[in-house]
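Notes follow once the structure below has been shown.
FYI, the numbering just counts along the sequence from 1.
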Amino acid sequence: MSQEKVDKYKEEKKNRAKTIKKNKVKKALGICLACLLAGAAIGVPIGKFAYNRHQAEIKRNATIPAGDFENWFNKYYVGNYSDLFQGFSTTDATGTDASASDASASDAETLPVTDTEAE
């Protein structure tokens, strides 16, 4: 039994440098992995928050081309709210009353509109 212990000790001593090197590599990989996981656990939520905040800033400061705004205004706003301003008299640049020249247009607006005419 004593000889077994001596042989075991000699074998351990012979491979000690390799064993120490393996343990150092394992420890370094473990530390790197732990740092990577901790960084991901902290960085991902912070990154998502920053990204969402940046996207909200872009939406808040977004601009549209004038043609797109004009199309929207003509389709949506005029279509939904133009009847609110029909009774008002407006004057054009020449000083003439625009509502008087639009009398034929207001007559056309009172006629019933079919589905095929609306499109």
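Here the side chains of Lys8 and Lys5 are not in contact, with every heavy-atom distance at 4.5 Å or above. Looking at Asn23 and Lys27, their side chains never come closer than 4.5 Å, going by heavy atoms from C-beta outward.
For the atom pair Glu70 CD and Ile64 CD1, the distance stands at 11.0 Å (nearest 0.5 Å). Remark: Gln3 CD to Asp7 CG distance equals 4.5 Å, nearest 0.5 Å.
Closest of all the heavy-atom pairs between Pro45 and Ala40 is CD-O, 4.0 Å.
Shown here are the side-chain contact (heavy atoms from CB on, under 4.5 Å) partners of Tyr76, two or more places apart in sequence or in another chain: Trp72, Asn80, Tyr81. With sequence neighbours excluded, no residue forms a side-chain contact (heavy atoms from CB on, under 4.5 Å) with Lys59.
Within 6.0 Å of the CZ atom in Arg53, the count of heavy atoms belonging to other residues, nucleotides or ligands does not exceed 12.
Chaining together hydrophobic side chains whose heavy atoms lie under 4.5 Å apart places Leu29 alongside Val25.
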